[in-house]
Engineer: 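Structure provided below as structure tokens; questions to follow.
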Protein chains: 2
Amino acid sequence: MLAGQMNMNANVLKQAQSYCEEHKYRLTQPRLQVLKIIGTSTKPLGAYDILEELGKVIANPKPPTVYRAIEFWQQHGFIHRIESLNAYVACEAGHQHKGSQFMICDDCGAVIETHLCELPKPLKDSTAKNTFTPSRWNLEIHGVCAACDSY
Amino acid sequence: MLAGQMNMNANVLKQAQSYCEEHKYRLTQPRLQVLKIIGTSTKPLGAYDILEELGKVIANPKPPTVYRAIEFWQQHGFIHRIESLNAYVACEAGHQHKGSQFMICDDCGAVIETHLCELPKPLKDSTAKNTFTPSRWNLEIHGVCAACDSY
DNA sequence: CCTAAAATATTATCCTATAACAGTTTCGAA
DNA sequence: TTCGAAACTGTTATAGGATAATATTTTAGG
């Protein structure tokens, strides 16, 4: 595992801890362990993958346990759902944002998150033209990553 | 129902018919009826909604019947899947395209499709920076549409 | 300590989607 | 004109993803 990923993950956990303290949310075992599992994975994990991993650290967990933790972290911006994969990844941005952008390698399954604070102009124009008020968005770009492309 | 929608729908069916003739695909009852159902709906429909509607025009259809028709029209660019809703809508663009953009009203459920031939520059830059080769993408913008916003 | 709120545990079930295989339709070549 | 391969549908069963409902536990604060 790369040092960068180790650090990032440690950061996510630290941030989560501070966040919970600050907002008086409980950093319970299910929440902590689920975030750890998602945060240490190099690839998006399905809920039942998470459930399986979770079974190694807490006794006999059931789907709602996982889904509740997922919902919690998602609401607070620490993880994202990759809709086209029914899977979850840790947020790489380090703060809440209205929009998510992912590049998803169809070869190796890796996901790269990129950050944008606003909708790009052509899209903003489009919402304006339709008098549509955006609240959040999600962009999933499928393709082939650099590593896989070189084979 | 608005005239514009009626026309669009008739167009979709005509286009589909020509397309099938041209490419020697069979415009079978399940395919035709499923496209009609999706094309005449003003909102995205789940597969089991479609199944229910389909049951009114063909005898006792089963899920694979619907999913096969969905897959067919999706592959050929006539319908799109709204990932965040597990639902399907007719394509409004009238031709195949690599990317889809939707505005989804969280109030009334309406979906507006907008067309872009290319990824907007900030995103293209992002893929370039990561040496990522995009093949297709999907953007889903949630928010409130003009009609709902005025209430 | 006690209690109300927050969170979890447990059971059951719903919704979405597909695998596997048998049967049918279609069209072109012999 | 029929026969055989390919395309397509029918049917059964089940996999995979998510949540409703209710009981129980944990926790912070009065």
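For the numbers below, each heavy atom of this structure counts, side chains included, while hydrogens, waters and symmetry mates do not. In what follows, chains carry the letters A, B, and so on, assigned in the order in which the sequence lines appear, proteins first and then strands, with residues in each chain numbered from 1.
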Engineer: Tell me which nucleotide among dT25(C), dT18(C), dT11(C) gets nearest to the side chain of P64(B).
Structural biologist: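 Of all the options, the side chain of P64(B) is nearest to dT18(C).
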
Engineer: Sub-3.5 Å donor-acceptor pair from the side chain of R31(B) to the main-chain atoms of R26(B), do we have one?
Structural biologist: yes

Engineer: Between Y25(B) and K62(B), just flag the one whose closest nucleotide in DNA chain D comes earlier from the 5' side.
Structural biologist: Y25(B)

Engineer: R31(B) has a side chain; which of dA7(C), dG10(D), dC8(D) sits nearest to it?
Structural biologist: dC8(D)

Engineer: Please compare A87(A) and P63(B) by the position of their nearest nucleotide in DNA chain D and report the one closer to 5'.
Structural biologist: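 Result of the comparison: P63(B).
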
Engineer: Could you pull out the closest heavy-atom pair between L123(A) and L116(B), with the gap in Å?
Structural biologist: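 Scanning both residues completely, I find the closest heavy atoms to be CD2-CD1, 3.7 Å.
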
Engineer: Round to a whole Å and report the spacing from CD of Q74(A) to P of dG17(D).
Structural biologist: 15 Å

Engineer: Start at the 5' end of DNA chain C and walk down; is the nucleotide closest to N60(A) or to G46(B) reached first?
Structural biologist: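 Closer to the 5' end of DNA chain C: N60(A).
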
Engineer: Looking only at the side chain of K24(A) (C-beta and beyond, no hydrogens), which of the listed nucleotides dG29(D), dG17(D), dT18(C) gets closest?
Structural biologist: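 My answer, after comparing the listed nucleotides, is dG29(D).
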
Engineer: Relative to each other, are the rings of H76(A) and F72(A) parallel, tilted or perpendicular (30° and 60° limits)?
Structural biologist: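 Tilted.
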
Engineer: Roughly, in whole Å, what's the span from CD in E52(B) to C1' in dC15(C)?
Structural biologist: 13 Å

Engineer: What is the separation between atom NE2 on H23(A) and atom C1' on dA28(D), rounded to the nearest whole Å?
Structural biologist: 18 Å

Engineer: Picking from dT26(D), dG17(D), dT10(C), which would you name as closest to the side chain of R26(A)?
Structural biologist: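 Nearest nucleotide to the side chain: dT26(D).
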
Engineer: For the rings on Y88(B) and H80(B), is their centre-to-centre separation under 6.0 Å?
Structural biologist: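 Distance test on ring centres: not under 6.0 Å, no.
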
Engineer: Under 4.0 Å: is that the gap between some side-chain N or O of T28(B) and OP1 or OP2 of dC8(D)?
Structural biologist: no

Engineer: For L32(B) and dC8(D), give me the distance from atom CG to atom P, rounded to whole Å.
Structural biologist: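 Result: 15 Å.
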
Engineer: Specify the separation, in whole Å, of atom CD1 of I70(A) and atom C1' of dT8(C).
Structural biologist: 15 Å

Engineer: With respect to the side chain of N86(B), which nucleotide from dT9(D), dT16(C), dG17(D) is positioned closest?
Structural biologist: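 Looking only at side-chain atoms, N86(B) lies closest to dT16(C).
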
Engineer: Please evaluate the base of dA9(C) for a donor-acceptor partner in the side chain of R68(A) within a cut-off of under 3.5 Å?
Structural biologist: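 Yes.
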
Engineer: Taking the nucleotide of DNA chain C with the closest heavy atom to each, which residue, I58(A) or Y48(A), is nearer the 5' end?
Structural biologist: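 Its nearest nucleotide being more 5', the pick is I58(A).
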
Engineer: NA contact type, F72(B), heavy-atom cut-off 4.0 Å: base, sugar-phosphate, or nothing?
Structural biologist: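 No contact at all - F72(B) keeps every heavy atom at 4.0 Å or more from the nucleic acid.
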
Engineer: Rounded to whole angstroms, how far apart are CD on E71(A) and P on dT19(D)?
Structural biologist: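 Answer to the nearest Å: 8 Å.
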
Engineer: Side-chain N or O of T65(A) versus OP1/OP2 of dA9(C): is the shortest distance under 4.0 Å?
Structural biologist: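 For T65(A), the contact criterion (side-chain N or O under 4.0 Å from OP1 or OP2 of dA9(C)) is met.
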
Engineer: Could you check how far CG of L27(B) sits from C1' of dT25(C), rounded to whole Å?
Structural biologist: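 It is 15 Å, rounded to the nearest whole Å.
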
Engineer: Would you check if the side chain of T127(B) reaches a backbone N or O of T133(B) as a donor-acceptor pair within less than 3.5 Å?
Structural biologist: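 Not confirmed, T127(B) side chain does not pair with T133(B) backbone.
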
Engineer: Using whole Å, what does the distance between atom C1' of nucleotide dG16(D) and atom OH of Y67(B) come to?
Structural biologist: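 Value for this atom pair: 11 Å.
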
Engineer: Please report whether the ring centroid of F78(A) lies less than 6.0 Å from that of Y19(A).
Structural biologist: yes

